[in-house]
**Q** 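Here's a structure for you.
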Amino acid sequence: MIPRLDIRFPLRRQWQYWFGKQYEPREGEYLLNHARTGIVLTLRASLPDGGRVGVVAYNCHTVANAVVNAGCTPIFVDVTDELKIDVATIPTDLDAIVVTNLFGIRNDISAIRKRCPRAIIIVDNAHGYGLPAEGDFTVYSINQGKFPALGEGGILKVAPSISNFRLQIFDLYAKLPAYTILAQVKLFCSMIMKAIAYSRCIYWLVQREKKKVVVNPLQDIAMYSMAPGIKRLYAAALPKIDAEIEMQKSNAERIKELAVGQLVDEWLEGNNAFMLVARTENVQELKEWFEKQGVETETHFKHAIDWAKEFGYVPGSCPMAERLTKELVMIPTYTKI
């Protein structure tokens with residue numbers, strides 16, 4: 001079975017983890033352990049006394065949790081049926097807004113800026129590697145399971161126009177702890193174990209025995225600068241990323257062709273084809289059909305509303321987000337199906 005997430009860690013990458021050349025950040029870039037760490041840093045730098053921060057209701061719990069860890073209050077906004085922020089639902093008095101480009105589907109930053117001219121805009125490209133850095137701050141993820149699927153890492157890019165916050169960001173970044181040698185070894189071993197568990201030859205067994213994991217949305221965020229081994233993996237992956245994006249787009253088109261006649265009302269695909277999203281009223285039937293083709297699918301963020309309630313979400317305030325948790329199926333595109 002093809003796993004829904006790309007957790008591969010082949011021998012070539014294992015060697016690069018220890019012996020490859022490290023990536024050197026460019027001007028305005030900060031290398032972190034997670035994209036969520038970047039969100040916390042930007043909010044602490046730009047809103048040191050806290051504030052009201054817009055967050056998409058259909059989203060991972062880590063985004064709202066990052067807002068809370070920064071001492072701010074998440075204010076939930078709805079999405080459109082195209083998985084973009086519903087600009088009309090954004091309160092105009094926000095202090096900041098986290099614009100999540102879900103599955104690499106790009107939002108209209110200029111429209112959001114017009115709606116909230118005084119708000120700090122943080123673009124969350126955890127699903128959107130390959131999309132440009134927009135807004136005031138942009139974060140990317142290169143974790144296993146994301147794209148590029150490398151390991152425990154995130155990248156923060158600060159716009160040149162935000163010169164008044166650069167010193168605060170630099171000071172906060174300089175205070176982040178680095179990975180110890182022992183932590184680097186533990187990370188290396190955990191990446192190998194995940195890769196083994198997600199290998200096609202045994203993944204069907206892992207899936208069969210997999211138990212439901214209860215997620216606690218409210219938790220402290222461990223914040224570090226990026227591990228040296230991940231910097232090496234990133235440097236090695238950079239020259240091939242554009243070609244991989246094109247491959248994923250091609251795979252997405254093939255999936256659409258294979259699924260002709262199935263119960264798909266609409267296909268949604270981001271700029272990088274991180275995952276192909278199918279909208280359907282028959283989620284379980286579509287998932288079962290893909291499983292027969294040897295492909296595991298996912299209903300990403302199906303618990304998004306339950307997570308949001310932990311951060312103060314009022315049921316009914318984002319009706320489209322609530323609806324989409326029951327209508328979307330995500331199909332992996334990182335390998336040919």
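Please read all numbers here as calculations on a predicted model, not as lab measurements. Atoms considered below: every heavy atom in the structure, side chains included; atoms not considered: hydrogens, waters and symmetry mates.
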**Q** Verify, without hydrogens or angle tests, whether Asp86 (side chain) and Val79 (backbone) share a donor-acceptor contact under 3.5 angstrom.
**A**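 No, the answer is negative, given that no donor and acceptor are paired below the 3.5 Å cut-off.
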**Q** Do Tyr23 and Met226 sit in one hydrophobic cluster, given that two such residues count as connected whenever their side-chain heavy atoms are within less than 4.5 Å of each other, even indirectly?
**A**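 Linked within one cluster.
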**Q** What's the shortest heavy-atom distance between Val283 and Val329, and which atoms?
**A**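 So the minimum-distance heavy-atom pair works out to CG1-CG2, 3.7 Å.
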**Q** If you measure from the Lys or Arg side-chain nitrogens to the Asp or Glu carboxylate oxygens, is any gap between Glu296 and Lys287 under 4.0 Å?
**A**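 Answer for the salt bridge query: no.
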**Q** Ignoring hydrogens and angles, tell me if any N or O in the side chain of Thr180 forms a donor-acceptor pair with the backbone of Ala183 under 3.5 Å.
**A**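 Yes; judged by distance alone, with no hydrogens or angles, the pair exists.
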**Q** Taking Gln293 for the side chain and Trp289 for the main chain, is one N or O donor matched with an acceptor at less than 3.5 Å?
**A**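 It does hold such a pair.
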**Q** Report the C-alpha distance between Tyr140 and Glu29 in whole Å, list the side-chain angles of each, state the deciding distance to 0.1 Å, and finish with yes or no for side-chain hydrogen bond (donor to acceptor under 3.5 Å, both in side chains).
**A** CA-CA 11 Å; Tyr140 298 87; Glu29 283 187 345; over 6 Å; no
**Q** Hey, are Glu27 and Arg166 close enough for a salt bridge, meaning a charged N less than 4.0 Å from a carboxylate O?
**A**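 Yes.
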**Q** Hey, what do you get for CG (Leu233) to CZ (Phe9), rounding to the nearest 0.5 Å?
**A**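 If I round to the nearest 0.5 Å, the distance is 5.5 Å.
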**Q** Which pair of non-hydrogen atoms, one from Ala321 and one from Ala57, has the smallest distance, and what is that distance?
**A**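 Ala321 and Ala57 have their closest heavy atoms at CB-CB, 3.9 Å.
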**Q** Can you see whether Thr335 engages Arg8 through a side-chain donor-acceptor pair at a distance of less than 3.5 angstrom?
**A**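 Not at all, the side chains of Thr335 and Arg8 share no donor-acceptor pair under 3.5 Å.
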**Q** Starting at CG of Asn125, measure out to CG of Asn271 and round the result to the nearest 0.5 Å.
**A**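 Spacing of CG (Asn125) from CG (Asn271) equals 9.5 Å.
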**Q** Between Pro74 and Val55, what is the shortest heavy-atom contact and its length?
**A**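 Smallest heavy-atom distance, with atoms named: CB-CG2, 4.1 Å.
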**Q** Would you compute the distance between atom SG of Cys72 and atom CG of Leu43 and round it to the nearest 0.5 angstrom?
**A**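 The CG atom of Leu43 is 5.0 Å from SG of Cys72, to the nearest 0.5 Å.
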**Q** Is there side-chain contact between Pro228 and Gln184, with at least one heavy-atom pair below 4.5 Å?
**A**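 Heavy-atom side-chain distance check passes, below 4.5 Å.
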**Q** Hey, are Gln168 and Tyr173 close enough side-chain-wise for a donor-acceptor pair under 3.5 Å?
**A**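 Absent: no donor and acceptor within the cut-off.
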**Q** Main chain of Leu47, side chain of Asp95: is a donor-acceptor contact present, judged purely on distance under 3.5 Å?
**A**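 Between the backbone of Leu47 and the side chain of Asp95 there is no qualifying donor-acceptor contact (under 3.5 Å).
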**Q** To the closest 0.5 Å, what do you measure between CD (Glu246) and CG (Asn272)?
**A**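 Spacing of CD (Glu246) from CG (Asn272) equals 10.5 Å.
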**Q** If you measure from the Lys or Arg side-chain nitrogens to the Asp or Glu carboxylate oxygens, is any gap between Glu327 and Arg323 under 4.0 Å?
**A**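 So Glu327 pairs with Arg323 through a salt bridge.
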**Q** Is it true that the side chains of Arg4 and Tyr203 contain a donor and an acceptor less than 3.5 Å apart?
**A**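 Indeed, the side chains of Arg4 and Tyr203 share at least one donor-acceptor pair under 3.5 Å.
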**Q** Tell me if a side-chain donor or acceptor on Asp78 pairs with a main-chain N or O of Met320 at a distance below 3.5 Å.
**A**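 Side chain of Asp78 to backbone of Met320, a donor-acceptor pair under 3.5 Å: yes, one is there.
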**Q** Checking Asp108 against Ser110: is there a side-chain donor and acceptor pair closer than 3.5 Å?
**A**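 Yes, because at least one side-chain N or O of Ser110 sits under 3.5 Å from a partner of the opposite role on Asp108.
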**Q** Could you tell me whether the side chain of Ile39 reaches within less than 4.5 Å of the side chain of Val98, counting heavy atoms only?
**A**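 Side-chain contact under 4.5 Å: yes.
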**Q** With a 4.5 Å cut-off on side-chain heavy-atom distances among I, L, V, M, F, W and Y, is there a chain of contacts connecting Tyr334 to Leu5?
**A**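 Unlinked, Tyr334 and Leu5 end up in two clusters.
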**Q** Looking only at side chains, do Thr138 and Lys157 share a donor and an acceptor under 3.5 Å apart?
**A**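 The criterion, which ignores hydrogens and geometry beyond distance, is not satisfied for Lys157 and Thr138.
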**Q** Do Phe311 and Asn65 come within less than 4.5 Å of each other through their side chains, counting heavy atoms only?
**A**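 In short, these two side chains touch, coming nearer than 4.5 Å.
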**Q** For a quick test of reading the model, state the closest non-hydrogen atom pair linking Leu218 to Asn216 and the distance between them.
**A**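 Residues Leu218 and Asn216, closest heavy atoms: O-ND2, 2.9 Å.
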**Q** Go through the steps to decide whether Arg13 and Leu150 satisfy the test side chain to side chain contact (heavy atoms under 4.5 Å, CB included), and finish with yes or no.
**A** CA-CA 9 Å; Arg13 288 188 185 174; Leu150 301 178; 4.2 Å; yes
**Q** How far apart are the C-alpha atoms of Arg279 and Val264, what are their side-chain angles, what is the distance that settles it, and do they pass the side chain to side chain contact (heavy atoms under 4.5 Å, CB included) test?
**A** CA-CA 6 Å; Arg279 187 171 180 183; Val264 177; over 6 Å; no
**Q** When rounded to the nearest 0.5 angstrom, what distance separates CD1 in Ile241 from CD in Glu244?
**A**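 That separation rounds to 7.0 Å.
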**Q** Please indicate whether Glu291 has more than 12 foreign heavy atoms, meaning atoms of other residues, nucleotides or ligands, lying under 6.0 Å from its CD.
**A**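 No, CD of Glu291 has 12 or fewer neighbouring heavy atoms, counting only those of other groups under 6.0 Å.
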**Q** Do Leu83 and Leu328 have side chains that get closer than 4.5 Å, going by heavy atoms?
**A**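 In short, these two side chains touch, coming nearer than 4.5 Å.
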**Q** If you draw a 6.0 Å radius around CZ in Arg118, do more than 12 non-hydrogen atoms from other residues or ligands fall strictly inside?
**A**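 Above 12, so yes.
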**Q** Verify the distance criterion only: is there a donor paired with an acceptor across the side chains of Glu152 and Tyr179 at less than 3.5 Å?
**A**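 Indeed, the side chains of Glu152 and Tyr179 share at least one donor-acceptor pair under 3.5 Å.
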**Q** Quick check against the 3.5 Å criterion: does Asn101 have a side-chain atom that pairs as donor or acceptor with the backbone of Asn107?
**A**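 Present.
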**Q** Can a salt bridge be assigned to the pair Glu281 and Lys326 using a cut-off of 4.0 Å between side-chain N and carboxylate O?
**A**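 Salt bridge absent between Glu281 and Lys326.
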**Q** Applying a strict under-4.5 Å side-chain criterion to I, L, V, M, F, W and Y, I'd like to know whether Ile221 and Ile122 cluster together.
**A**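 In one cluster with Ile221: Ile122, yes.
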**Q** Answer yes or no: is there a side-chain heavy-atom contact under 4.5 Å between Leu187 and Ile230?
**A**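 Leu187 reaches Ile230 side chain to side chain.
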**Q** Do the side chain of Arg115 and the main chain of Ile90 share a donor and acceptor less than 3.5 angstrom apart?
**A**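 Side chain of Arg115 to backbone of Ile90, a donor-acceptor pair under 3.5 Å: yes, one is there.
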**Q** Check which hydrophobic residues are tied to Leu167 through side-chain heavy-atom contacts below 4.5 Å, counting indirect links as well, and list them.
**A**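 Grouped by the 4.5 Å side-chain rule, Leu167 forms a cluster of one, so the answer is none.
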**Q** Answer yes or no: does atom CG of Asp93 have more than 12 heavy-atom neighbours from other residues, nucleotides or ligands under 6.0 Å?
**A**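 Count over threshold, so yes.
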**Q** If you define the side chain from C-beta out and look only at heavy atoms, does anything of Asp220 sit under 4.5 Å from Asn69?
**A**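 Yes. Closest side-chain heavy atoms under 4.5 Å.
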**Q** Could you tell me if Asp124 and Thr100 have a donor-acceptor pair between their side chains, going purely by distance under 3.5 Å?
**A**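 Yes, Asp124 and Thr100 have a side-chain donor paired with an acceptor closer than 3.5 Å.
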**Q** Would you kindly confirm whether Leu131 and Tyr234 end up in one hydrophobic cluster when ILVMFWY residues are joined by side chain heavy atoms under 4.5 Å apart?
**A**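 No; Tyr234 is not reachable from Leu131 via cluster members.
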**Q** State whether the number of non-hydrogen atoms from other residues, nucleotides or ligands found under 6.0 Å of Phe165 atom CZ is greater than 12.
**A**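 For Phe165, atom CZ is crowded (more than 12 foreign heavy atoms under 6.0 Å).
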**Q** Between atom CD1 of Ile305 and atom SG of Cys318, what is the distance when rounded to the nearest 0.5 Å?
**A**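 Between Ile305 CD1 and Cys318 SG, I get 6.5 Å after rounding to 0.5 Å.
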**Q** Less than 4.5 Å apart, any side-chain heavy atom of Ile331 and any of Ile337?
**A**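 Yes, close enough: below the 4.5 Å cut-off.
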**Q** Kindly say whether Tyr17 contributes a backbone atom to a donor-acceptor pair with the side chain of Arg232 at under 3.5 angstrom?
**A**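 Yes, because the side chain of Arg232 sits within donor-acceptor range (under 3.5 Å) of the backbone of Tyr17.
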**Q** May I ask you to test the Ile112-Ile121 pair for a side-chain heavy-atom distance under 4.5 Å?
**A**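 Yes. Closest side-chain heavy atoms under 4.5 Å.
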**Q** Is there a path of hydrophobic side-chain contacts, each under 4.5 Å between heavy atoms, that joins Met275 and Ile255?
**A**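 No, it is not one cluster - the side chains of Met275 and Ile255 are not joined through contacts under 4.5 Å.
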**Q** Whether the Glu322 and Tyr313 side chains hold a donor-acceptor pair (N or O, under 3.5 Å, no angle test) is what I'd like checked.
**A**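 Yes, side-chain donor-acceptor contact under 3.5 Å.
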**Q** Does the ring centre of Tyr30 sit less than 6.0 Å away from the ring centre of Phe170?
**A**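 Distance test on ring centres: not under 6.0 Å, no.
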**Q** Identify the two heavy atoms, one from Leu276 and one from Ala252, that lie closest to each other, and give their separation to 0.1 Å.
**A**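 Heavy-atom minimum between the residues: CD2-O, 3.6 Å.
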**Q** Is the shortest side-chain N to carboxylate O distance from Arg254 to Glu257 below 4.0 Å?
**A**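 Here Arg254 does not pair with Glu257 in a salt bridge, since their nearest N and O are not under 4.0 Å apart.
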**Q** Does the side chain to side chain contact (heavy atoms under 4.5 Å, CB included) test come out yes or no for Phe147 and Gln248, once each step is laid out?
**A** CA-CA 10 Å; Phe147 174 77; Gln248 291 181 174; 3.2 Å; yes
**Q** Could you please spell out the steps behind the side chain to side chain contact (heavy atoms under 4.5 Å, CB included) verdict for Thr325 and Tyr58?
**A** CA-CA 7 Å; Thr325 60; Tyr58 182 79; 3.8 Å; yes
**Q** If every non-hydrogen atom of Cys60 is compared with every non-hydrogen atom of Trp307, which pair is closest and at what distance?
**A**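 That closest heavy-atom pairing would be CA-CZ3, 4.0 Å.
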